[in-house]
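These notes concern the structure reproduced below.
Just so we're on the same page: letters track the sequence lines, and every chain starts at 1. Treat the numbers as computed from the prediction; the structure is a model and nothing was measured.
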2 protein chains.
Amino acid sequence: MRQTAIRNAFEAFLKRRALKLTTQRRRIFDRAFETHEHFSAERLYRWLVDEPGTRVSRATVYRTLGLLVEGEFMHSLDAGRGELVYEHTAGHQHHDHMVCLSCGKIEEFVDPMIEELQLAACVRKGFELVDHDLRLLGYCKACRRTRSAMGTPAADETARAATPEEAPSAGE
Amino acid sequence: MRQTAIRNAFEAFLKRRALKLTTQRRRIFDRAFETHEHFSAERLYRWLVDEPGTRVSRATVYRTLGLLVEGEFMHSLDAGRGELVYEHTAGHQHHDHMVCLSCGKIEEFVDPMIEELQLAACVRKGFELVDHDLRLLGYCKACRRTRSAMGTPAADETARAATPEEAPSAGE
DNA sequence: GTCGTTGCAAAGCATTTGCAAGACT
DNA sequence: AGTCTTGCAAATGCTTTGCAACGAC
């Protein structure tokens, strides 16, 4: 399995922090890396509960996830719902997200030019860039289709401020 | 007062939604627009409590803030701490943010080129862009200075989650 | 054996909501 | 007068934490 390298990195990380490699941590780590999609802490917890293996508590899932983020093995992102979603930072280096306001799906994309411009903007402001988070909110291809098929003119307002009935203009 | 225009827009918005212009809503609106910085719901609530005027409950602050966001009078953004911060959308159209991981300060910036590239990326993916949120995380000029003066090495990951206990034996 | 860890349940937080009293239009 | 609103407090939903039992090193 090609996960050996990353697992070793994790074990090294634990060792460096004088933390122990417990059964739970291993299971959480493995399950999290097994998934190449975004998941919430709760989702991961459910997987661990439903699938066979050592019992793991929700608290430990949260704790370990936090550890993984600290160790840069995972990245967390707020997709707008009340919970954080996680994704591992294994192969793919960095990417930004398109979050569908309708189905919640998260697509990834990268644009080197955008990254570069961000850096340039930081230099201009004397800001030391550590990380960034770019989320494009809208409707994915599938939902667009559905919406137009349903004759939805523009999102219903419950979907956020997608279509306020006006745009206040301030005199400035 | 030059807030008349925007206040009128707010009143018009309420009218259109068959909502009433209550003393509380007016006070919340005014106080929120009086501030040209980012603030949390709690902060706004504190201001309203501390400053003289009609009593306003926390619940109403939240409710009204939600209204203001729906009406596009305010914009909310998750600055990484557990709470949303708000900013009015009066004159300045749209901008992105640089959030200082050390002092929490939020600087604004705009880069038309980035905006354009975002749109292009969406077109490529068949994604209908509604809104976006770009946050650059790092250290502001002031904090950079402080940090380097203190001999703080490059950004360590513990800075984000407000984890009080530092990694003691990590690589320093 | 020693600490770090776990699980549980309770606690925390920011935010939301049910409901009865109260205030705009 | 009739609704929309408010305030309160309880509820929510995600996440964190205290603590005693437990397990890795």
[N] [atom2] sits how many Å from [X] [atom1], rounded?
X: D78(B); N: dA14(C); atom1: CG; atom2: P; answer: 13 Å
X: R26(A); N: dT5(C); atom1: CZ; atom2: C1'; answer: 14 Å
X: E42(A); N: dT16(D); atom1: CD; atom2: P; answer: 13 Å
X: F39(A); N: dC14(D); atom1: CZ; atom2: C1'; answer: 16 Å
X: L67(B); N: dC4(D); atom1: CG; atom2: C1'; answer: 12 Å
X: F10(B); N: dC24(C); atom1: CZ; atom2: P; answer: 14 Å
X: R17(B); N: dC4(D); atom1: CZ; atom2: C1'; answer: 14 Å
X: K15(A); N: dT5(C); atom1: NZ; atom2: P; answer: 13 Å

Checklist entry - How are the rings of F10(B) and F29(B) set relative to one another: parallel (under 30°), tilted (30 to 60°) or perpendicular (over 60°)? => result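 Judged by the thresholds at 30° and 60°, the geometry between F10(B) and F29(B) is parallel.
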Phosphate contact ([N] OP1 or OP2) by [X] side-chain N/O below 4.0 Å:
X: R55(A); N: dT6(C); result: no
X: R25(A); N: dT6(C); result: yes
X: T23(B); N: dA23(C); result: no
X: Y62(A); N: dT16(D); result: no
X: Q24(B); N: dG7(D); result: yes
X: T60(A); N: dG7(C); result: yes
X: R58(B); N: dT15(C); result: no

Next on the checklist: Is the distance between the ring centroids of H36(A) and H88(A) under 6.0 Å?
Outcome noted: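 When the ring centroids of H88(A) and H36(A) are compared, they turn out to be within the sub-6.0 Å range.
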Checklist entry - Between E11(B) and R7(B), is there a salt bridge with N-O shorter than 4.0 Å? => result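 Between E11(B) and R7(B) there is a salt bridge, with a charged N closer than 4.0 Å to a carboxylate O.
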Checklist entry - Is the closest basic N to carboxylate O distance between E42(A) and R58(A) below 4.0 Å? => result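 Salt bridge present between E42(A) and R58(A).
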Using the side-chain heavy atoms of [X], tell me which of these nucleotides is nearest: [options].
X: A59(A); options: dA9(C), dT15(C), dG7(D); value: dA9(C)
X: E83(A); options: dT15(C), dT3(D), dC14(D); value: dC14(D)
X: T22(A); options: dT5(C), dC8(D), dC8(C); value: dT5(C)

Checklist entry - With a 4.5 Å heavy-atom cut-off, do C140(B) and C103(B) have their side chains touching? => result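 In contact.
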Next on the checklist: Could you tell me if the side chain of H132(B) sits less than 4.5 Å from the side chain of R135(A), heavy atoms only?
Outcome noted: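 Result no, sub-4.5 Å side-chain heavy-atom pair not found.
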Checklist entry - Touch check for R63(A), heavy atoms < 4.0 angstrom, all strands: base, sugar-phosphate only, or nothing? => result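 Base: the residue R63(A), judged by heavy atoms under 4.0 Å, touches a nucleobase.
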Checklist entry - If we ignore angles and hydrogens, is there a donor and acceptor under 3.5 Å between the side chains of H95(A) and E87(A)? => result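 Indeed, the side chains of H95(A) and E87(A) share at least one donor-acceptor pair under 3.5 Å.
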Item to check | Toward the 5' end of DNA chain C, by each residue's nearest nucleotide, L19(A) or L84(B) | outcome: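 Looking at the nearest nucleotide for each, L19(A) comes out on the 5' side.
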Checklist entry - Mapping L14(A) and S40(B) to their closest nucleotides on DNA chain C, which lands nearer the 5' end? => result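 Closest to the 5' end, via its nearest nucleotide, is L14(A).
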Next on the checklist: Which residues in residues 45-53 of chain A have a heavy atom closer than 4.0 Å to any atom of DNA chain D?
Outcome noted: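 Here the set is empty: none.
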Next on the checklist: Taking the nucleotide of DNA chain D with the nearest heavy atom to each, does L21(A) or K20(B) sit closer to the 5' end?
Outcome noted: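 The residue closer to the strand's 5' end, by nearest nucleotide, is K20(B).
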Checklist entry - Does the pair T23(B) and R27(B) meet the rule for a side chain to side chain donor-acceptor pair (under 3.5 Å), with working shown? => result CA-CA 6 Å; T23(B) 323; R27(B) 190 146 117 85; over 6 Å; no
